[in-house]
Structure formats: structure tokens, C-alpha cells
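All ligand and atom numbering here is 1-based and tracks the order in the structure. Given the structure is predicted, the values throughout are model-derived calculations rather than measurements. Note: hydrogens, waters and symmetry copies are ignored here, and every other heavy atom, side chains too, is used.
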Amino acid sequence: MNKPAPIAVVLAAGKGTRMKSCRTKVLFPVLGVPIVARVVAAARAAGCTDVVVVIGHEAQAVRDTLGPDLPYAVQTGMPGTGGAVVAARGAVDARGRTVLVLPGDVPLMRAQTLSALLAAHEAQGAAVTVATMKVQDPTGYGRVVRDGPEGGVLRIVEHRDADPSELRIDEVNTSIYAFDGDFLFGDSAAVDRLSPDNAQKEYLLTDVVGFAVADGRSVAGFVIDDELETAGINDRQQLSELERTQRSRVNTGWMRQGVSMDDSATTWIEEAVTLGRDVVLGAGVELRGATSVGEGATVGKGSVLVDCAVGAGVEIGPYVVATRASFEPGSQVRPFTVLNGLNEKKPAASTDADRVQIGAGAQVGPFTHLRQASVLGSEAKAGNFVELKKTELHAGAKANHLAYLGDATVGPRSNIGAGVITCNYDGFSKQRTTIGADVFVGTDSHLIAPVRLGDGAYVATGTTVSRDVPADALAIGRARQENKLGYASRLKSALQAKAQKIKG
Ligand code: UD1
Ligand code: MG
């Protein structure tokens, strides 16, 4: 009979004192994704059908980040990693199941490694299998004490409790464990024997290893070779270093698949991003969230794209900011968060309908701001100092300079002059502007929404359009100009005399 699927317990209740932050440690992002969300996703991907998250410090913020669908256990009273596991006890029935305990502060553990740990644990029938690693500098980590050089694991000693010979041990505890659920939580449960009799005055999960040995049960060690996978984040320097290493790995992976980077040390590509061959990325480019860039497209220096779909061959000039998210003061939007594999449903913030899409052959930038659900059709152009919000520029439409188009549709081949503004907001609600095909909107025109401009219409420069313009009509609405001959020098003398009198 197959063993039932494993349970994961993610320890995320600690404060993370060493981060020196009012935000809890496990919510800090690594390449855009909160640390604890990565751990939960890895547990899921390794086949854990129940993932219990132990919360305490900033509990509500952790819940908000991970969503309401997970079982949560609240740690109260018993401080320490052992206390956190005790809190998870009643959340799921662990009888006959393996319990994978994962620290909430180890962001880059891979699902494959967790699966291998679970397989090794179940094959050996151990009471506990501790994942360990060898490190050059073991400072701060719990040391793994073995029964001789090749021997089994006897116990784990925390740095603060270790004697000088134990401090020299370079094999350390990763805080990733597989437990026999009956041993951990059953009738004569290991967790019931924990006591805070140590330098930290906390209930240390590491003590459970010693209990298993005392009971004559086997304790296995499972060495993980990749230090990046097991690195725990305790302070901001570790966070920054780990993120840099991971970023460099991601970039190297893409370069191997045919992507060029002008300066890969400054390129930021989050793991959910997809890139085609012959994509060229300028220095300092940031591709965040669920962004995809098609074959042969170029993203210019300093551009930041969040949740964008960029078609093949698109040219994005330097310093283009394209994001689906708008940040109102006090809002709780976390636009750079992608919880891949966490829930079956996608997070609300990254639905396809909200993404910025840039079609094949379109040209964008420099200095263009594309927001929420904007679409550029093929060969469309959005130039410098143009802002689009929820606006579609259909095939071949152009807004080359200095325009704001919000809640608008611009039909094929239409031209939007410099300084054109859609007046889409009346202080209470947003209204749409609909522009047909082959429309010409002259420079410095204002389009007061809701308003429709029919196919082929022509709006004269400087017109304030407040009524619909029928197809093929000319709309002109500006004060008639008068030229007063010889008047300029008289005006200048009068103004000069007035200025002298004021100074005088
Ligand atoms: C822990 C291990 C240490 C190991 C190291 C690896 C213990 C006692 N020590 O030390 O052997 O080498 O990880 O990174 O387990 N947490 C709670 N509730 C608490 C305390 C912590 O949920 O009361 C959570 C934290 O949010 C964190 C995780 O447990 O995600 C680990 O806690 P942390 O304080 O970072 O332990 P380390 O000192 O790193
Ligand atoms: Mg830690």
C-alpha cells in the first residue's frame, strides 16, 4: 500500500530580530517573491498535500500574503522552533504520514531536493532525517554531531550551546527535516519532551534529534551540496548576497538560451519571466512578475516591465516603465508578488486582462509609461513622455510625443498629436474616449470623455472636443486669432513703463 502524501509544516512565526525591521523576516522578497511563499510553493511541488503554516509575529500580514486557503497554526506561549512545531500539532492528522518541517527563512530550497529527502527518509524508515550541509563558515548554525566521521547523527548543538570542539564541526543543520509523524506528534510524542533548558531559553526543535537517538530510533543525515539552496536568511546582508547569486544564476541560464545582456550584472529577471531567443536587454533592465518577451525583441536600458507581454521583434526604447498596477496611497497592492504554484487560481493582480501587451513590430519609448491593461497593436508607436492607462493603440496607431491617453481606444492608423490629453476623470468616475480608424487628432487637443470620434475624423490643433465627432468631419473649436498691426512695440513700452514705476 502506498504511504499517504506527506504533510509540510512551515515555521513562519519568528520575528526575525536580526533584520532590524518592523516587517517580519519571512515576508521579505527574494527576486520579487516573499521568502515564505517560495517555501510553501516548494513544499507543494514536492507533493505535500497539506501545508501548515505556523504564524505568530505579524500573523495577519503572513496570512494576507499567502491567502486564506492554507491551514494556519498560531504559535503562542512556547517560544522557539520546537514551540512552533508544537503549535502545528492539531492542524492536521499526522498519523502514518511523514511530516516535512521547513524553516520559513530558507528561500531557495528546491522541490526536487525535498522530494529526494522524503524518498530517502521513507526508504530508511528513520524517525527523523535531518538535511545537513557542509559550510566554510559554520558561525550561527546548529552543528551536527555524528557518531564518528562516517557515523550516524547523534544530536544537534546550537552555536550558543556548543563547546569548543563542537564549534569546529563544519556540518550544520539546515533546519529542513523529515519526521515520522507518529514519532513527532503521536502518543509518546517527541515534542512533549522539549524543554527550554538552553542558552536561548527556548524550545529548540533540534533537541528532538537527541530524543530519537535516546529511544533507539534511527536518525539519518541527508547532505545537500548546494549552499544556495539551504542558505537561511537572518539579516539584510545575507538577503542581498543570496538574491545577487540567484539573479546571476537566472541571468546565466537565459544567456545560455540565446538572450543577450549589455551588462548582466545589472539585469533583474524574476523567475516567472519568459524570454524568446535573440532578445536583447540593455543595462539595468528589470523584468518583473509574469512578464514575457518574444523572440528578437529589444528592451532598452533602464526599462522596468511588470506583468507585460512583449511580442516578437518589439523595440522598447530606454527608460520605459510599463506596469499593470496603480498604487493609490494606503493601498495594499503588492505588484511584484507572484505566488507560483501556491494556489490553483492565479493571484488576482496578475490576470491576463490586466497585463500590458505590446504587439509585434511596435515601438515604445524612450521615456514612455504604459499602465494597466494597455495594448499596443502591431506597428503601433508610443513615444517619449507618452502615458497610456487602460488604452488600446490599434495596429499602426501613433502617439509619438507628450500625450496622456487614459481609458481610450485608438483605432488603426490614427495619429495622436503632441500634447493631446484625454480628460477621462471628472473627480468621481472614469469615462471612455473612443477614436475610430484613420483619425487625426491635432496637437494640444483635449478630448473630454465620454466622447467618440468617428472613422476618418480630423480634429484641428488646439480644439477642446466636448461632443462626439461624426466620421469624416472636421472638428475645430478654438478662439479666432486677431492680428493688431504695429501693436507689439506699443505694448512693450507700456509694460516697461509700468515695471519702472513699481520698482521706482
Ligand atoms: C535554526 C536552527 C539551526 C539551523 C538554522 C539553519 C533551531 C533551534 N536552530 O536556527 O540549528 O542551523 O536554523 O538556518 O531550530 N520560528 C518560529 N517560531 C519561533 C522561532 C522561529 O516560527 O519561535 C521560525 C522563524 O520564523 C524562521 C525559522 O523558524 O523562519 C527558523 O528560525 P531562526 O530564528 O531563523 O533559527 P536559526 O537561528 O536560523
Ligand atoms: Mg534562520
Side-chain angles (χ1 to χ4, degrees), residues 8-19 21 23-28 30 34-40 42-43 52-59 61-62 65-66 72-89 91 101-109 128 130-135 137-145 153 155-162 166-167 169-177 179 191 194-210 221 224 227-239 242:
V9 173
V10 176
L11 311 183
K15 181 165 187 278
T17 315
R18 290 163 278 183
M19 293 302 268
S21 173
R23 178 158 53 148
T24 184
K25 171 171 73 176
V26 297
L27 293 184
F28 275 79
V30 169
I35 297 170
V36 68
R38 288 173 171 272
V39 177
V40 171
V52 181
V53 181
V54 183
I55 51 177
H57 189 72
E58 290 287 312
V62 178
T65 300
L66 295 175
Y72 292 93
V74 181
Q75 183 185 4
T76 47
M78 292 169 70
T81 48
V85 170
V86 170
R89 190 180 202 169
V101 171
L102 302 172
D105 65 344
V106 176
L108 297 180
M109 63 180 78
V128 45
V130 189
T132 71
M133 60 175 165
K134 295 239 176 171
V135 288
D137 177 12
T139 309
Y141 284 110
R143 308 301 203 276
V144 176
V145 180
V153 176
R155 60 199 165 90
I156 295 167
V157 186
E158 286 308 286
H159 182 105
R160 290 169 67 177
D161 300 313
E166 289 165 340
L167 284 175
I169 297 174
D170 65 353
E171 185 180 12
V172 299
N173 172 24
T174 62
S175 232
I176 300 170
Y177 317 78
F179 286 99
V191 290
L194 289 168
S195 87
D197 185 15
N198 51 61
Q200 290 94 310
K201 303 273 175 282
E202 287 187 349
Y203 295 83
L204 308 179
L205 181 60
T206 43
D207 288 348
V208 170
V209 170
I224 300 177
E227 261 193 60
L228 195 66
E229 257 198 80
T230 48
I233 299 296
N234 293 313
D235 60 36
R236 292 182 196 241
Q237 198 218 341
Q238 287 169 338
L239 175 66
L242 178 121

Heavy-atom side-chain proximity of [X] to [Y] below 4.5 angstrom:
X: P34; Y: F28; result: no
X: F179; Y: L205; result: yes
X: V101; Y: T81; result: no
X: M109; Y: L102; result: yes
X: V85; Y: V54; result: no
X: V36; Y: L27; result: yes

Inset, instruction - For the Mg ion (ligand 2), report each protein N, O or S atom nearer than 2.8 Å, sorted by chain and then by residue number. - result: D105 OD2, N234 OD1

Inset, instruction - Output the distance between atom OG (S195) and atom CD (E202), rounded to the nearest 0.5 Å. - result: 12.5 Å

Inset, instruction - Hey, could you give me the CZ/CD distance between R18 and Q237, rounded to the nearest 0.5 Å? - result: 13.5 Å

Report each N/O pair between ligand 1 and the protein that falls under 3.5 Å, naming both atoms.
from	atom 1	to	atom 2	distance (Å)
ligand 1	9 (N)	E158	OE1	3.0
ligand 1	9 (N)	E158	OE2	3.3
ligand 1	11 (O)	G142	N	3.4
ligand 1	11 (O)	E158	OE2	2.7
ligand 1	11 (O)	N173	ND2	2.9
ligand 1	12 (O)	G142	N	2.9
ligand 1	12 (O)	N173	O	2.6
ligand 1	13 (O)	S175	OG	3.2
ligand 1	15 (O)	T81	OG1	2.7
ligand 1	18 (N)	Q75	OE1	2.8
ligand 1	22 (O)	A13	N	2.8
ligand 1	22 (O)	G14	N	3.4
ligand 1	23 (O)	Q75	OE1	3.4
ligand 1	23 (O)	Q75	NE2	3.1
ligand 1	23 (O)	G80	N	2.8
ligand 1	23 (O)	G80	O	3.2
ligand 1	26 (O)	G14	N	2.9
ligand 1	30 (O)	L11	O	2.9
ligand 1	30 (O)	G104	N	3.1
ligand 1	30 (O)	D105	N	3.4
ligand 1	35 (O)	K25	NZ	3.1
ligand 1	35 (O)	D105	OD2	2.9
ligand 1	35 (O)	N234	OD1	3.2
ligand 1	38 (O)	R18	NH2	3.2

Legend entry - Side-chain (R160) to main-chain (N198) donor-acceptor, under 3.5 angstrom: no

